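We count residues from 1, following the sequence as given. Being a predicted model, the structure only gives us computed values, none of them experimental.
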Amino acid sequence: MRALRLHADRDLRLEEVPPPPPPGPGEVTLRIHAVALNHIDVWGFRGMAFAKRELPLIVGAEAVGEVVAIGPGVTDWKVGDRAAPYGALTCGTCRRCMKGEDNLCENVRGVKGFHVDGFACELVNQEARLLVRVPAGISWEDASCGTITFSTVEHMLFDNARLEPGETILVHAAGSGIGTVAVKIAKDMGCTVIATAGDDEKCAKAKALGADHVVNYSTQNFPTVARRATGKVGVDVVFEHVGAATWAGSLLSLRMGGRLVTCGSTSGVSAETNLMMLFQRQLRIFGSFGASMRNIADGYAKMARGILPVLDTVLPIERFTEGLDRLESRRVFGKIVVTL
């Protein structure tokens, strides 16, 4: 079968490899139809010093496929079912897993596509307990954006920030995969959305998605715009994943008792925080990483009723590296998806 394997930093090859063995007890075999690209793919491609892995490694952390074989003991799935594989190798038995907090697993063994072989291949075996059912009617390309993109937004907005209808939210990097989804979900629930992006073209696209106010953070001061748009009150929620470049301004944009949720630090991992402002204004900061399988299912429920990801580019697997280059250079609005 064909698989995309990383042999060394920036050395990615499409090559023939042996197919997986028949699925073992509790496993199914998936025929992968589409893989969505994420920054974790870029980090893995470039090489990360902290990543404990053995090369060559099949890449791809977010995907969707079709069940083509069933292992012994699997009763909840049948051949032909559409399924999305959860990428983290959780134990399923610790107290966090038992509570449905999969992304807080106390014995996680890594992330597929980053630490161990991932999903950018034609066939893969997956534990049936780590599958989420994909509703009918959603395209493979859209469905590929469920296990990281939609679920990350679900976990950030609802498990952590507790966004409520009618609130005002500031969404950073609204042209990113999770940024576009956050704008669409927040607008769907009746929120006022202030969106930031790095150029006027992306701002125009964010406006077309439904953002009420847009800010080109390269030329405008987004805290000033946020406070002006809210009558100097400040926003209820900041959807943060940029990091050091926007951190101080994000805190300044919040209202009294406002909530900031962050899942990324692409512009730098360290930032100063005004602690006096933090406690005097009673701000709340939530770190958010990954998502639970429930979050994935909730994301698919939204897709099924019409809230779909924004697809920037759909490429065949032979052009996977082109997609990584586009993502790394930030020449993207929405998601890049690779089909097999």
Side-chain angles (χ1 to χ4, degrees), residues 1-23 27-49 51-69 82-89 109-127 130-131 134 139-149 176-177 309-340:
M1 70 170 184
R2 293 182 305 164
L4 271 168
R5 297 208 297 173
L6 185 69
H7 287 257
D9 293 353
R10 297 188 181 274
D11 181 5
L12 190 61
R13 307 175 196 173
L14 180 62
E15 51 196 10
E16 288 290 329
V17 300
E27 292 184 336
V28 306
T29 301
L30 289 181
R31 164 73 171 89
I32 299 297
H33 283 273
V35 175
L37 301 190
N38 294 277
H39 280 288
I40 192 171
D41 299 298
V42 174
W43 299 331
F45 178 63
R46 291 191 305 210
M48 299 291 281
K52 296 180 180 179
R53 60 189 183 181
E54 293 185 8
L55 301 178
L57 174 81
I58 298 175
V59 299
E62 184 176 31
V64 67
E66 176 184 2
V67 176
V68 294
R82 293 152 52 89
Y86 190 65
L89 294 174
R109 292 171 286 128
V111 175
K112 287 194 170 187
F114 189 73
H115 302 104
V116 297
D117 283 342
F119 303 115
C121 55
E122 292 177 324
L123 296 169
V124 65
N125 287 348
Q126 176 84 353
E127 289 184 71
L130 297 177
L131 292 175
V134 177
S139 72
W140 291 120
E141 292 83 1
D142 288 337
S144 71
C145 304
T147 60
I148 293 179
T149 311
S176 66
V310 175
L311 300 184
D312 175 273
T313 310
V314 178
L315 301 168
I317 192 170
E318 293 84 359
R319 296 169 63 187
F320 190 98
T321 305
E322 180 183 326
L324 286 177
D325 291 343
R326 186 171 175 84
L327 184 59
E328 186 175 18
S329 63
R330 299 174 61 197
R331 294 179 290 112
V332 58
F333 188 89
K335 293 293 293 183
I336 298 173
V337 172
V338 171
T339 57
L340 284 78

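Between T29 and P21, the closest heavy-atom pair is OG1-O, 4.5 Å. Closest approach of V64 to W140, counting heavy atoms only: CG1-O, 3.4 Å. In plain terms, the two heavy atoms of C145 and L311 that are nearest each other are SG-CD2, 4.1 Å. When all heavy atoms are compared, the tightest approach of F114 to L57 is O-CD2, 3.5 Å. Across all non-hydrogen atoms, the minimal contact from F119 to G87 is CE1-CA, 4.1 Å. Residues V337 and A34 approach most closely at CG1-CB, 4.0 Å, considering heavy atoms.
Shown here are the salt bridge (charged side-chain N to carboxylate O under 4.0 Å, His left out) partners of R82, two or more places apart in sequence or in another chain: there are none.
Checking side-chain atoms of K335 against main-chain N and O of L37 turns up a donor-acceptor pair under 3.5 Å. Without hydrogens or angle criteria, E127 side chain to L89 main chain gives no donor-acceptor distance under 3.5 Å. Judged by distance alone, with hydrogens and angles left aside, the side-chain atoms of E62 form a donor-acceptor pair with the main-chain N or O of I148 at under 3.5 Å. Using modelled atom types, one side-chain atom of R53 and one backbone atom of G44 make a donor-acceptor pair closer than 3.5 Å. Side-chain atoms of D117 come within 3.5 Å of backbone N or O of I58 as a donor-acceptor pair. A donor-acceptor pair under 3.5 Å links the side-chain atoms of R326 to the main chain of R331, judged by distance alone. Proximity of a side-chain donor or acceptor of E122 to a complementary backbone N or O of R2 within less than 3.5 Å is detected. In terms of modelled atom types and a separation under 3.5 Å, the side chain of D41 and the main chain of V59 share no donor-acceptor contact.
Counting heavy atoms from C-beta on, the side chains of L12 and L324 come closer than 4.5 Å. At least one side-chain heavy atom of F45 sits less than 4.5 Å from a side-chain heavy atom of T321. By the 4.5 Å heavy-atom criterion applied to side chains, C121 and V17 are not counted as neighbours. Contact check for V332 versus T313: no side-chain heavy atoms found under the 4.5 Å cut-off. A 4.5 Å side-chain heavy-atom check between L131 and L30 finds at least one atom pair inside the cut-off. Residues R31 and L123 form a side-chain contact, since some pair of their non-hydrogen atoms from C-beta on lies under 4.5 Å apart. Here the side chains of T339 and S144 are not in contact, with every heavy-atom distance at 4.5 Å or above.
For the atom pair CD of E322 and CG of L327, the computed distance is 12.5 Å after rounding to the nearest 0.5 Å. A distance of 10.5 Å separates CE in M1 from CD in E15, rounded to the nearest 0.5 Å. Rounded to the nearest 0.5 Å, atoms OG1 (T149) and CG (N38) are 4.5 Å apart. The CG atom of L130 lies 10.5 Å from the CD atom of E27; values are rounded to the nearest 0.5 Å.
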